[in-house]
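Comments concern the structure below.
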Number of protein chains: 2
Amino acid sequence: MANIKDIARLAGVSVATVSRVLNDHPYVSEAKRAAVQEVVQRLNYSRNVNAVHLITGKTNMVGVVIPYLNLPYFNSIMEGIAQEALEANVHLLVSQTNYAADKETELLNMLKIKQIDGLLICSRSLKWEVIEAYSQFGPIIACEYIESDRISSVHIDHYGSFRLAMQLLLEKGHTRIGYCLGRGHSFNSRNRRRAFSDALSSAGVPVREEWMFYQIYSIEDGAEVVRSILDMEERPTALLVAGDQVAAGIISEAVKNGLRVPEDLAIVSFDNHPIAQLFDITTIDNRLVEIGRTAFSLLLKRLQDPASPVEHRELPFRLIERATV
Amino acid sequence: MANIKDIARLAGVSVATVSRVLNDHPYVSEAKRAAVQEVVQRLNYSRNVNAVHLITGKTNMVGVVIPYLNLPYFNSIMEGIAQEALEANVHLLVSQTNYAADKETELLNMLKIKQIDGLLICSRSLKWEVIEAYSQFGPIIACEYIESDRISSVHIDHYGSFRLAMQLLLEKGHTRIGYCLGRGHSFNSRNRRRAFSDALSSAGVPVREEWMFYQIYSIEDGAEVVRSILDMEERPTALLVAGDQVAAGIISEAVKNGLRVPEDLAIVSFDNHPIAQLFDITTIDNRLVEIGRTAFSLLLKRLQDPASPVEHRELPFRLIERATV
DNA sequence: ATGAAAGCGCTAACAT
DNA sequence: ATGTTAGCGCTTTCAT
């Protein structure tokens with residue numbers, strides 16, 4: 001492969017001049033510029049970016065820590081990130097972590113050694129204190145709520161959205177309410193749980209542990225929840241479901257078993273995925289794609305101006321009333 | 001940031017020795033190894049991979065050309081790729097191209113300049129002849145059928161699977177059959193179209209252009225198809241649908257408009273996405289995740305042994321009979 | 001405007 | 001077993 005020296009020799013100029021031409025620097029005579037460009041064309045030359053990375057300390061790549069690419073929640077966020085990255089001409093080093101801490105550490109380390117210019121974290125296992133320590137090496141943006149003066153974040157108010165959903169159900173007279181979440185111990189989940197129990201207690205209703213389901217991710221998981229409910233002596237009359245996909249699984253299985261929705265089982269779901277429309281599910285739009293877009297643009301801003309401040313943006317959620325409440 | 005020289009100085013050894021320790025090379029005394037490791041720990045040192053990339057000419061990164069991350073078809077393939085990459089500890093440079101040729105060229109170029117070690121192509125706009133020219137720079141694997149002695153591929157037999165679907169429909173007595181595809185001009189689509197018309201002509205039935213729908217990707221697109229059909233004087237009685245998501249949209253809209261499935265409109269769909277189960281859709285499992293996994297492992301093999309031959313693997317598809325035929 | 005030369009941080013061939 | 005040293009391909013002073 002030809003290198004910059006070859007080009008310089010063939011064009012009859014110095015490597016510095018070639019570099020200037022390559023980087024669109026001023027102070028190069030038209031004649032030499034043309035000569036260089038001709039040789040570049042003729043040899044079909046491309047710069048070795050690894051050398052460029054080494055010397056500039058930048059890579060035009062940002063890392064993305066994402067637990068599961070195929071879960072609708074994360075897929076939507078990723079979609080937003082990818083859209084903006086395409087636009088900004090920045091490359092994405094995507095690491096599907098399955099929540100493995102060592103995978104997260106790996107990307108953090110890449111930031112430290114400048115293999116990536118910045119890092120987007122959709123969700124993580126590592127503690128924020130650990131992650132914060134890496135912010136000295138480059139901007140880090142979180143797609144969840146975090147109080148930090150070193151890591152920017154974009155999030156929606158999961159507490160608020162869960163309270164809204166609860167209010168909807170309580171107003172309809174429901175008191176036997178359960179919920180389905182993914183990870184039970186995440187920050188978001190804890191918030192949701194808190195909203196859930198706050199709403200219940202302000203209505204003077206006790207929390208029923210047996211109606212709280214965790215590790216519910218898929219359509220099949222949703223069906224499973226319905227089967228558990230059917231076996232109960234006392235069943236919940238309403239369910240908050242984190243994820244439309246799961247809600248669809250629940251509704252489908254419920255109907256199959258003679259339960260009417262919403263009469264026997266009301267559902268409020270989250271995310272406003274296309275499938276929610278299909279099943280006419282009342283859902284709260286969490287603006288997931290927008291979260292991804294915003295996260296990326298926050299990152300870009302800090303990349304372009306490292307002095308720009310750490311920001312925390314809360315995106316408004318939005319209730320979509322349909323037929324399951 | 002500390003570099004290898006600092007470590008060498010502090011540990012009282014040469015940079016070569018440090019490099020040997022870092023790379024687990026033999027011929028280093030335990031004493032020196034320990035000394036180096038101690039300093040590495042103490043300084044929390046990490047190698048600058050950009051320098052390593054420059055000198056080794058490798059990056060432990062592979063590129064992924066993928067048109068849309070959020071389309072179920074591609075998302076499933078991506079899932080397979082990501083699973084294997086996680087396992088193999090290889091990083092993924094993912095480029096969502098939206099089928100923009102210049103984005104594809106960009107990754108091809110990265111291969112040329114060794115910014116990535118290999119390339120996975122899920123689908124593309126560029127001609128294979130163009131892409132083939134880059135195979136000299138590193139292994140390229142395609143997730144679609146291609147006849148090439150330079151690019152390996154994993155694919156399923158779209159012609160065969162479409163023929164099977166047609167056979168199913170013809171056996172049930174359908175002769176007024178239409179289809180819904182995404183891109184109409186892709187290689188896969190052309191194959192499917194061919195299977196479609198071959199099947200029809202072998203049954204002595206003419207092809208009806210007005211029943212062939214293109215650019216159909218989403219649930220909403222599916223609903224739109226139904227609305228077009230309802231307006232027709234003569235309607236198809238069956239539809240081949242590339243994608244369960246779209247099929248779900250079709251069924252939902254059809255039922256809303258009083259059409260019975262399969263009595264008024266039979267559906268055979270493809271991919272066996274979880275949503276197909278929910279809607280009880282007869283579908284042909286295209287083994288998408290498996291395609292992704294296989295593509296990655298083919299790439300890995302060629303990365304580890306560049307002399308290993310170009311391979312073309314066809315994965316068997318599988319009919320899942322449910323209730324829409 | 002142009003070029004010479006000094007690195008960027010690392011690996012590996014070579015010498016000892 | 002260990003160290004010295006020559007690059008990898010590029011950018012960027014610093015001269016001129």
Side-chain angles (χ1 to χ4, degrees), chain A residues 1-40 43-61 109-117 137-138, chain B residues 1-40 43-61 109-117 137-138:
Chain A
M1 283 273 297
N3 63 24
I4 200 173
K5 258 186 188 156
D6 300 329
I7 305 296
R9 184 164 37 74
L10 262 35
V13 301
S14 71
V15 293
T17 300
V18 176
S19 176
R20 286 186 188 107
V21 173
L22 260 22
N23 293 290
D24 285 323
H25 284 192
Y27 305 124
V28 181
S29 68
E30 261 323 303
K32 300 217 169 190
R33 182 181 303 277
V36 169
Q37 275 162 348
E38 189 275 324
V39 179
V40 164
L43 268 62
N44 191 15
Y45 164 80
S46 305
R47 257 185 299 196
N48 179 327
V49 283
N50 291 325
V52 178
H53 294 168
L54 172 59
I55 198 157
T56 61
K58 303 215 150 296
T59 59
N60 199 33
M61 264 172 45
N109 206 41
M110 285 182 148
L111 183 62
K112 176 174 166 191
I113 62 187
K114 310 266 169 242
Q115 189 176 4
I116 50 180
D117 298 339
F137 304 118
Chain B
M1 284 273 297
N3 63 23
I4 200 173
K5 259 186 187 158
D6 300 329
I7 306 296
R9 185 164 36 75
L10 262 35
V13 301
S14 71
V15 292
T17 298
V18 176
S19 176
R20 286 187 188 106
V21 173
L22 259 24
N23 293 291
D24 284 325
H25 284 192
Y27 305 125
V28 181
S29 70
E30 262 323 303
K32 300 218 169 187
R33 182 181 302 277
V36 169
Q37 275 162 348
E38 188 274 327
V39 178
V40 164
L43 267 62
N44 192 13
Y45 164 81
S46 305
R47 255 183 301 192
N48 179 326
V49 283
N50 291 325
V52 178
H53 294 168
L54 172 59
I55 197 158
T56 60
K58 303 216 149 295
T59 59
N60 198 34
M61 263 172 46
N109 205 41
M110 284 182 149
L111 183 63
K112 176 175 167 193
I113 62 188
K114 310 266 169 243
Q115 189 176 5
I116 51 181
D117 298 339
F137 304 118

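Values below: all heavy atoms of this structure, side chains included; hydrogens, waters and symmetry mates excluded. Residue numbers start from 1 in every chain, and the chains themselves are labelled A, B, ... in the order their sequence lines are given, proteins ahead of strands.
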Write down the distance between [atom1] ([X]) and [atom2] ([N]), rounded to a whole number of angstrom.
| X | N | atom1 | atom2 | value |
| --- | --- | --- | --- | --- |
| B:Asp6 | C:dC8 | CG | P | 10 Å |
| B:Ile113 | D:dC10 | CD1 | C1' | 12 Å |
| A:Asn50 | D:dC10 | CG | C1' | 11 Å |
| A:Arg33 | C:dG3 | CZ | C1' | 16 Å |
| B:Leu54 | D:dT11 | CG | P | 12 Å |

**Report entry** Helical bend (five base pairs per end, nearest 10°) for the helix from C:dA1-D:dT16 to C:dT16-D:dA1
**Finding:**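 So the angle between the two local helix axes works out to 40°.
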**Report entry** Chi angles and distances behind the side chain to side chain contact (heavy atoms under 4.5 Å, CB included) call for A:Asn44, B:Lys112
**Finding:** CA-CA 11 Å; A:Asn44 191 15; B:Lys112 176 175 167 193; 3.3 Å; yes
Query - CG on B:Leu111 to CD1 on B:Ile116, rounded to 0.5 Å - result: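 So the CD1 of B:Ile116 and the CG of B:Leu111 are separated by 5.0 Å.
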**Report entry** Interatomic spacing from NZ in A:Lys114 to CE in A:Met61 - rounded to 0.5 Å
**Finding:**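 So the gap between those two atoms works out to 13.5 Å.
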Could you list the donor-acceptor pairs under 3.5 angstrom formed between side-chain atoms of residues 18-31 of chain A and any protein atom two or more places apart in sequence or on another chain?
| from | atom 1 | to | atom 2 | distance (Å) |
| --- | --- | --- | --- | --- |
| A:Ser19 | OG | A:Asn23 | ND2 | 3.3 |
| A:Asn23 | OD1 | A:Arg47 | NH1 | 2.7 |
| A:Asn23 | ND2 | A:Ser19 | O | 2.8 |
| A:Ser29 | OG | A:Lys32 | N | 3.3 |

Query raised in the report: Does A:Ser29 make a side-chain N or O approach to OP1 or OP2 of C:dA1 shorter than 4.0 Å?
Result: no
Query raised in the report: Looking only at side-chain N and O atoms, does B:Lys32 come under 4.0 Å of OP1 or OP2 in D:dG3?
Result: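 Checking B:Lys32 against D:dG3: at least one side-chain N or O falls below 4.0 Å of OP1 or OP2.
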Query - Protein-to-nucleotide contact annotation, 5' to 3' order, nucleotides 10-16 of chain C [B base; S sugar-phosphate only; - none; under 4.0 Å, heavy atom] - result: BBBBB--
Query - CA sep, side-chain torsions, deciding dist, call: A:Tyr45, A:Asp6, side chain to side chain contact (heavy atoms under 4.5 Å, CB included) - result: CA-CA 10 Å; A:Tyr45 164 80; A:Asp6 300 329; over 6 Å; no
Report task. Determine, stepwise, if the pair A:Ile7 / A:Val36 fulfils side chain to side chain contact (heavy atoms under 4.5 Å, CB included). Result -> CA-CA 7 Å; A:Ile7 305 296; A:Val36 169; 4.3 Å; yes
